[in-house]
Protein chains: 2
Amino acid sequence: MRNTKQKSLILNIVNNSYDHLTAEEIYEIARHTLPNISLGTVYRVLNGLVDDKKIKRIKMSDGDHFDNLNELHNHFICEKCHKIIDVMDSIKFDYKIGNNKIVDYEINFIGICEDCLKKEEN
Amino acid sequence: MRNTKQKSLILNIVNNSYDHLTAEEIYEIARHTLPNISLGTVYRVLNGLVDDKKIKRIKMSDGDHFDNLNELHNHFICEKCHKIIDVMDSIKFDYKIGNNKIVDYEINFIGICEDCLKKEEN
DNA sequence: GCCCTTAATAGTAATGATTACTAATAACAG
DNA sequence: CTGTTATTAGTAATCATTACTATTAAGGGC
């Protein structure tokens with residue numbers, strides 16, 4: 001777990017953006033600072049940051065997007081254009097968030113299941 | 001929007017399973033009934049059923065899984081083995097669901113954003 | 001500051017889920 | 001039954017992501 005300039009650059013890019021960037025977009029931004037950085041490195045570092053819970057992965061039809069953990073928030077995702085909008089406020093259930101119409105919502109609980117907990121005991 | 005035996009078979013498979021099947025798994029099951037069905041058809045039909053809100057897509061690292069809408073429920077996803085467990089009960093926030101340890105949860109609101117609503121008015 | 005070990009990277013090839021394409025097929029309206 | 005055309009089977013192509021490997025560079029010890 002060495003500190004490399006690639007790692008800190010990529011973490012900075014995600015932490016300083018509110019655009020839910022893809023790996024490719026992060027790669028393009030990173031090249032301004034490190035012209036020789038490779039796309040494979042971006043993917044590998046992003047996976048590590050997600051594993052370490054430094055950033056979050058948002059799975060989308062056009063590939064994964066990555067989000068910082070600066071402020072606790074959820075997401076509004078447009079069914080049509082797939083835009084991701086941060087939802088900072090507490091949940092108001094009038095089927096609207098701002099002027100965006102809510103059609104559905106999904107809650108996923110992430111954790112360690114019974115079977116995997118047992119395996120960790122060994 | 002014609003009714004084909006491929007469409008009704010695939011919808012039946014998803015509606016009668018509690019295993020959150022992938023397209024490939026649905027394809028293998030469908031071949032028992034229609035040996036010549038093609039994988040492309042399974043993907044196309046599944047996309048249509050999701051668009052028509054007859055079934056739900058669950059995005060996972062190993063590809064999309066598909067879920068029926070028989071009973072309203074959320075999902076518990078194991079970080080280790082990526083198992084998907086249905087959560088039928090109301091949310092109990094003791095960081096456990098059954099014997100599964102909750103590490104995190106994510107809420108996504110799906111809908112039509114302000115911009116797309118404006119476009120629909122035209 | 002200088003080695004040395006080895007984790008991490010750059011560059012490229014491979015993978016695999018999903019989509020695109022096209023000729024053939026089959027709903028279903030008249 | 002017939003004609004139209006949406007849908008399908010089969011296959012090729014796409015593209016996000018991962019795997020592989022020789023090379024580079026953290027960073028601990030001296």
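These figures come from a predicted structure and were not determined experimentally. Chain A is the first sequence line, chain B the second, and so forth, proteins listed ahead of strands; every chain is numbered from 1.
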Visitor: Round to the nearest Å and state the distance from L39(B) atom CG to dT18(C) atom C1'.
Guide: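 About 9 Å, once rounded to whole Å.
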Visitor: Phosphate oxygens OP1/OP2 of dT9(C): is one of them under 4.0 Å from a side-chain N or O of T41(A)?
Guide: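 Checking T41(A) against dT9(C): no side-chain N or O falls below 4.0 Å of OP1 or OP2.
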Visitor: Which of these nucleotides, dT18(C), dT8(D), dA10(C), is closest to any side-chain atom of D64(B)?
Guide: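 The listed nucleotide nearest to D64(B)'s side chain is dT18(C).
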Visitor: Mind calculating the distance between NE2 (H65(B)) and C1' (dA17(C)) to the nearest angstrom?
Guide: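 Computing the H65(B):NE2 to dA17(C):C1' distance gives 11 Å.
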Visitor: Should the heavy atoms of other residues, nucleotides or ligands under 6.0 Å from NZ of K80(A) be counted, would the total exceed 12?
Guide: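 Not more than 12 within 6.0 Å, no.
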Visitor: Indicate whether OP1 or OP2 belonging to dT8(D) is found under 4.0 Å from a side-chain N or O atom of N36(B).
Guide: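 Checking N36(B) against dT8(D): no side-chain N or O falls below 4.0 Å of OP1 or OP2.
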Visitor: Less than 3.5 Å apart, any donor N or O on the side chain of E114(B) or N100(A) sitting next to an acceptor on the other?
Guide: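 No, because no side-chain N or O of E114(B) sits under 3.5 Å from a partner of the opposite role on N100(A).
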Visitor: Mind listing the closest non-hydrogen atom pair of V87(A) and F109(B) along with its distance?
Guide: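 Between these two residues, the closest heavy atoms are CG2-CD1, 4.2 Å.
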Visitor: Any idea which heavy atoms bring R57(A) and N47(A) closest together, and the distance?
Guide: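 Heavy atoms only, the tightest pair is NH2-OD1, 2.8 Å.
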Visitor: Mind calculating the distance between CD (E28(B)) and P (dA17(C)) to the nearest angstrom?
Guide: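 Between P of dA17(C) and CD of E28(B): 12 Å.
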Visitor: Is K5(B) close enough to dA27(C) that one of its side-chain N or O atoms is under 4.0 Å from OP1 or OP2 there?
Guide: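 Checking dA27(C) against K5(B), a side-chain N or O does come within under 4.0 Å of OP1 or OP2.
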Visitor: Does dT18(C) have OP1 or OP2 sitting under 4.0 Å from an N or O in the side chain of Y43(B)?
Guide: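 Checking dT18(C) against Y43(B), a side-chain N or O does come within under 4.0 Å of OP1 or OP2.
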Visitor: Looking at Q6(B), I'd like to know whether one of its side-chain N or O atoms comes within less than 4.0 Å of OP1 or OP2 on dA26(C).
Guide: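 Q6(B) to dA26(C) OP1/OP2: no side-chain N or O under 4.0 Å.
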Visitor: Whole angstroms only, please: what is the OH-C1' distance between Y27(A) and dT9(C)?
Guide: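 Atom-to-atom, Y27(A) to dT9(C), this comes out as 13 Å.
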Visitor: Taking the nucleotide of DNA chain D with the closest heavy atom to each, which residue, G40(B) or K7(B), is nearer the 5' end?
Guide: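 The residue whose closest nucleotide sits nearer the 5' end is K7(B).
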Visitor: Rounded off to whole Å, could you give me the CD1-to-P distance for the I10(B) and dT7(D) pair?
Guide: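 Rounded to whole Å, this separation is 13 Å.
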Visitor: Among dG11(C), dT7(D), dT17(D), which nucleotide has an atom closest to any side-chain atom of R44(B)?
Guide: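 Output: dT7(D).
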Visitor: With a cut-off of less than 4.0 Å, is there a side-chain N or O of T4(A) near OP1 or OP2 of dA25(D)?
Guide: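 For dA25(D), OP1/OP2 do not have a side-chain N/O of T4(A) under 4.0 Å.
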Visitor: Testing the basics here: between H65(A) and M60(A), what is the closest heavy-atom pair and its distance to 0.1 Å?
Guide: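 In terms of heavy atoms, the two residues are closest at CD2-CG, 3.5 Å.
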Visitor: Say whether, by atom type as modelled, one donor and one acceptor occur between the side chain of N68(B) and the main chain of N70(B) under 3.5 angstrom.
Guide: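 A pair under 3.5 Å: yes.
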Visitor: CZ of R57(B) versus P of dT18(C): gap in Å, rounded?
Guide: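 Value for this atom pair: 8 Å.
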Visitor: What's the closest nucleotide to the side chain of N3(B) if the choices are dC28(C), dG10(D), dT17(D)?
Guide: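 Shortest atom-to-atom distance from the side chain points to dC28(C).
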Visitor: Per the atom types in the model, does the base of dT6(C) pair as donor or acceptor with the side chain of R2(A) at under 3.5 Å?
Guide: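 Such a pair exists between side chain and base.
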Visitor: Would you tell me if any nitrogen or oxygen in the side chain of N47(A) comes within less than 4.0 Å of OP1 or OP2 on dT17(D)?
Guide: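 Answer no for this pair, as no side-chain N or O of N47(A) is under 4.0 Å from OP1 or OP2.
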Visitor: Between T22(B) and I37(A), which is nearer to the 5' end of DNA chain C once each is assigned its nearest nucleotide?
Guide: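 That would be I37(A).
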Visitor: What is the separation between atom CD on E25(B) and atom C1' on dT18(C), rounded to the nearest whole Å?
Guide: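 Rounded to whole Å, this separation is 16 Å.
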Visitor: Could you state the atom-to-atom distance from CG of L34(A) to P of dG11(C) in whole Å?
Guide: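 So the CG-P distance, L34(A) to dG11(C), works out to 12 Å.
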